[in-house]
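Order of the sequence lines sets the chain letters (A, B, ...), proteins ahead of strands, with each chain counted from 1. When reading the values below, keep in mind they use all heavy atoms of this one structure, side chains included, and skip hydrogens, waters and symmetry mates. It should be emphasised that the depicted structure is a prediction, and the values quoted were computed from it without experimental measurement.
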Protein chains: 2
Amino acid sequence: MDIERSISALNNPMRRRILEWLKDRSNFPPALPGHEDIEGVCVAYIQEKAKLSQSTISNYMGLLKQAGFVRAERHGQWTFYRRDEENIQEFLTAVQAELLKK
Amino acid sequence: MDIERSISALNNPMRRRILEWLKDRSNFPPALPGHEDIEGVCVAYIQEKAKLSQSTISNYMGLLKQAGFVRAERHGQWTFYRRDEENIQEFLTAVQAELLKK
DNA sequence: TCCATATATCGAGGTATCTCGATATTCTTC
DNA sequence: GAAGAATATCGAGATACCTCGATATATGGA
């Protein structure tokens, strides 16, 4: 858990928005046929919603992954990203311990 | 409460360390004579501990203040900075609401 | 094997942040 | 009001971040 990297990843409005979008699969188009049971959203869907370039979104997801906020799972040619709730909770606990007085 | 500005202020290790130092007055030299009852720490003390230039620390404290993490109080030629626990708590609640799923 | 698709990586231009020294401002004291 | 001290602001060079298009890599299908 690298709090430095995590805060840095959060220091960008679009990356935070993506994290919010990923709370609910229904923020994105329906799953690809044959992939209905896979948790997570492919990069193309996130890019479409964010309206940023493919390389930027791929980079963002890599940063969010390094920060521990998301997990990536490859299925065929797609990479599916989903939130890592445990790590997110761990980060919140850590930042709270660092910021709060007692 | 500008979460954008707050996260940006936290996105620097020394600024976070200063916030931690300010949890406890005893992290700094004793109060100046005649100012024993004033809450907060003057810029010079923070600078001495941080070992960064005066202008940098002044700038950092300004950023922490804009972010709502500290309050500034002028007494004569000194500016005393102290943590704003209410705003810190408010920030933590806000970031938790944004990050946490339910 | 060759091609199309999805994603990752690379290189670069623009912008913001970091940090400093120099200077300005504010306040105290003589 | 002049000098000195504490802090704030300014200007600048170095570094990091943002974002893109171009290219590379991996996968699936004809």
Over how many whole Å does the gap from [X] atom [atom1] to [N] atom [atom2] extend?
X: B:N59; N: C:dT23; atom1: CG; atom2: P; result: 19 Å
X: A:L64; N: C:dT7; atom1: CG; atom2: C1'; result: 16 Å
X: A:M61; N: D:dC18; atom1: CE; atom2: C1'; result: 17 Å
X: A:R5; N: D:dC17; atom1: CZ; atom2: P; result: 10 Å
X: A:I57; N: D:dC17; atom1: CD1; atom2: P; result: 18 Å
X: B:L32; N: D:dT7; atom1: CG; atom2: C1'; result: 14 Å

Nearest atoms (heavy-atom pairs only) where A:R82 meets A:G40: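 Closest pair (atom of A:R82, atom of A:G40, distance): CB-CA, 3.8 Å.
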Taking all non-hydrogen atoms of both residues, which atom of A:W21 and which atom of A:N27 are closest, and how far apart?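 Where A:W21 meets A:N27 most closely, the heavy atoms are O-ND2, 2.9 Å.
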Which residues within residues 35-54 of chain A lie with some heavy atom under 4.0 Å of an atom in DNA chain C?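 Hits under 4.0 Å, by residue number: A:C42, A:V43, A:A44, A:Q54.
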Hey, are A:R71 and A:E39 close enough for a salt bridge, meaning a charged N less than 4.0 Å from a carboxylate O?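 Not counted as a salt bridge, because no side-chain N and carboxylate O are separated by less than 4.0 Å.
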Nearest-neighbour nucleotide for the B:R74 side chain, C:dC27, D:dT9, C:dT9 considered: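 So the side chain of B:R74 is nearest to C:dC27.
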What's the separation between atom CD1 in B:I88 and atom CG in B:L64, rounded to the nearest 0.5 Å? 9.0 Å
Got a second to check how far B:F69's CZ is from B:E85's CD, nearest 0.5 Å? 11.5 Å
Tell me, do B:L99 and A:L10 make a side-chain contact under 4.5 Å, heavy atoms counted?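 Yes; the side chains approach each other to less than 4.5 Å.
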Are side-chain heavy atoms of B:I57 and B:I18 found at a separation under 4.5 Å? yes
I need the residues from residues 75-85 of chain A with at least one non-hydrogen atom less than 4.0 Å from DNA chain D; give them sorted by number, or say none.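 By residue number: A:G76, A:Q77.
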Would you please test A:M61 and A:L22 for side-chain contact (heavy atoms from CB on, under 4.5 Å) and show each step? CA-CA 11 Å; A:M61 298 318 293; A:L22 288 176; 4.1 Å; yes
Apply the test side chain to side chain donor-acceptor pair (under 3.5 Å) to residues A:E4 and A:S8: give CA-CA distance (whole Å), side-chain angles for both, the deciding distance (0.1 Å), then the verdict. CA-CA 6 Å; A:E4 194 60 35; A:S8 182; over 6 Å; no
Donor-acceptor pair, side chain of A:K23 and main chain of B:L100, under 3.5 angstrom: yes
Show me the protein contacts with nucleotides 10-17 of chain C, counting only N or O atoms at under 3.5 Å.
none

Can you tell me if NZ on A:K49 sees more than 12 non-hydrogen neighbours from other groups inside 6.0 Å? yes
